[in-house]
Amino acid sequence: MRVALVIAARILRQRVRDRSAIVFAVLTPVGLAMAFSAIIPDFTPTFHTTVAVVDHDGGTAAQALIQGPLHGLESAGIADVKLVDTEADARYAVSVNDAGAAVVIPAGFSNAVQTGAPTEVRILAGGGATSREVVRATVTSFADAIGAGQLAVQTVAATGGTVDAASLAAVQAAVQADQPIVVADATAEHRQASLTTFYGAAMAIMFVFFATQYGALAILTERRVGTLNRLLAAPIGPGSVILGGSIAGLLLGMLAMGILVAATTLLGSADWGPPPLVAILAVDTLTVPTAGLADILPSILVLTAMGVVTGGIGLVRARAALVPA
Amino acid sequence: MDAHQPPAARVPGESAEAILTCHDLRKRFGDRTAVDGIGFTIRAGETYGLLGPNGAGKTTTISMICGILAADAGEVHVAGIKIDTGTVAAKGAIGYVPQDLAIYPNLSARENLAFFGRLYGLRGAHLRQRIAEVLAVIDLAGRADERAERFSGGMKRRLNIGIGLLHRPRLLVLDEPTVGVDPQSRNAILSSVEALSAAGMGILYTTHYMEEAERLCNRVGIIHEGRIIAEGSRRELVALVGGLDTVKLGATGDLAAAARAVRELDGVRDATTHDGGIDLLVVDARRLLPSILASMNQDGQSVRSVEVVEPDLEAVFLHLTGKALRD
């Protein structure tokens, strides 16, 4: 490994000295980031709707639905919640597209929830399927949360017993419980990378894979320059030559990727999520093992073809053809 | 650097340690046999020359000896350790100087030496000391921090050799180190080799320059078409041609007929024609020269030049192969 690092350090020094590393790992990513920011519009399609709410109940459960999940939609920037007085007003708002969907909470809703009696929250929707589905998912999730309490109350009633205070308190707690999960799911469902981030990520990974050619290219360059035989005559294994080239290539690739992430963040308003360093490490973690394999395999093939590494790769004929007399 | 003395005066004895032993080396590339059963031994302090024309198999032989190329058959032992492409430890005993420049042009001389020194396990103060010593030997101390790409051809050659010396190898393998070198640098390289040999290093030196082999080598193996066809000291090899002189005649006309006529002269052993003349192997050229010229004139040939060559390795090669060394 020490020898591989010595070789990698020498390659990097040469690449810096002949400017190729600067072009590959600094100028190109910065140039791409500038191109992205200039060419790609800063436009991310987002969803937003208005939900009309008719509260004929005015009770605790109704308020819990309005102040909980529906208000959560508002907080997340997905929907505005607008209270209207009558179902007719709600239908009108939906029909003229003042609202994407409407929620009608019937009178006696809170009492039904607390006693386990059947009740129905109606959803009125216009032409927008997305609005309808968002509202339905939100209300359904609320209903599911209180379902367990309702079932317990219904069981007591069906067996002729009485509903004790503890059971009612449990239902009440379920009704009033926060529903952050519902809102978070809706947010995640509609969140997507911006175009700049998308292309930036694609380019970043490409840089790592571009860099993988360094290993095989390093060997071919050594051969062209005339130093490969000298390396092979040294008391080191051929694997060190391959590994050294691969390490140099991967380091350059990771540097290029990091600079691309930083440059697209600064210039292209790309959003890489948590601190960019975490994003760089995450992408590197995914790509480095694959890129390493993609690098080392062709390098071994190159050395095999040169007659340096022997084995069952089946390139003995190619080896004979490539080695000079 | 100036230890210029006849090789015969410093021939190591049979008791000297064998640094390199190779036996029955063979290598084929497709249908072509590049090396066909080569074997020889080099002892400490001995300079062994492989003398042969381009394509004779010298570089392939060296590549197998240095563990760069896998041999199809045969064995190589360096300092008593068998060596092949998978060997690591024994390679440390070899200093390899390839025929083509093997330096990094955009690194300085010092950086080149440091890099290869580290590959051979040198580090720290010892590495720095050896770099300074080698820079002095190859006369590049004053330009150690300049990039190699700015060096003249001769300086690059000297750096190429210096890298091979850095780790104090027991066997120095020099593959035609003076090709394309100006006379001044060439002489400096040859002097360095003589000094290293005098210091006890075993040296394998390949060349197609007969005069280099005569100057440097205690023993010479004449290699032709992948085989060593003769081996020995210069004196032993010259004896193979019976002490015959070579007369080179530059001539025009019917050279084949002229060669036939000259062969009839007493003392002429052989006559071969080539473009522009005839090469003769004769006993005592100076005595026979008037008769040769008379024969040529008698047959109507026009003789433009005459050169008499005393027996040397080139004559040996010509005698053994029927070809000139540079063909």
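Note that the structure is predicted; figures quoted are calculated from it, not measured. The figures here come from the full heavy-atom set of this structure, side chains too, leaving out hydrogens, waters and symmetry mates.
Other residues, nucleotides and ligands contribute more than 12 heavy atoms inside 6.0 Å of the CZ atom of A:R17.
When the heavy atoms of residues 145-154 of chain B are compared with those of chain A, the residues falling under 4.5 Å are B:R147, listed by number. Residues of residues 104-116 of chain B placed with any heavy atom under 4.5 Å of a heavy atom in chain A are listed by number as B:Y104, B:P105, B:N106, B:L107, B:S108, B:E111, B:F115, B:F116.
Note: A:L232 CG to B:K91 NZ = 6.5 Å, rounded to the nearest 0.5 Å. Note that CG of A:N229 is 11.0 Å distant from CD of B:Q99, once rounded to the nearest 0.5 Å.
Contact detail for A:G226 and B:A102: the closest heavy-atom pair is O-CB, 3.2 Å. Closest non-hydrogen pair, B:Y120 versus A:A233, comes out as OH-O, 3.6 Å.
In terms of heavy-atom pairs under 4.5 angstrom with chain B, the leader among A:R2, A:R10, A:R13, A:E222 is A:R10.
Using a 4.5 Å cut-off between heavy atoms, B:V97 contacts chain A through both its backbone and its side chain. Both the backbone and the side chain of B:L119 come within less than 4.5 Å of a heavy atom of chain A.
Residues passing the ring-ring contact (aromatic ring centres under 6.0 Å, His included) test with B:Y48 are B:F40, sequence neighbours excluded.
Among residues at least two apart or in separate chains, there is no salt bridge (Lys or Arg N to Asp or Glu O under 4.0 Å) pair with a member in residues 226-241 of chain A.
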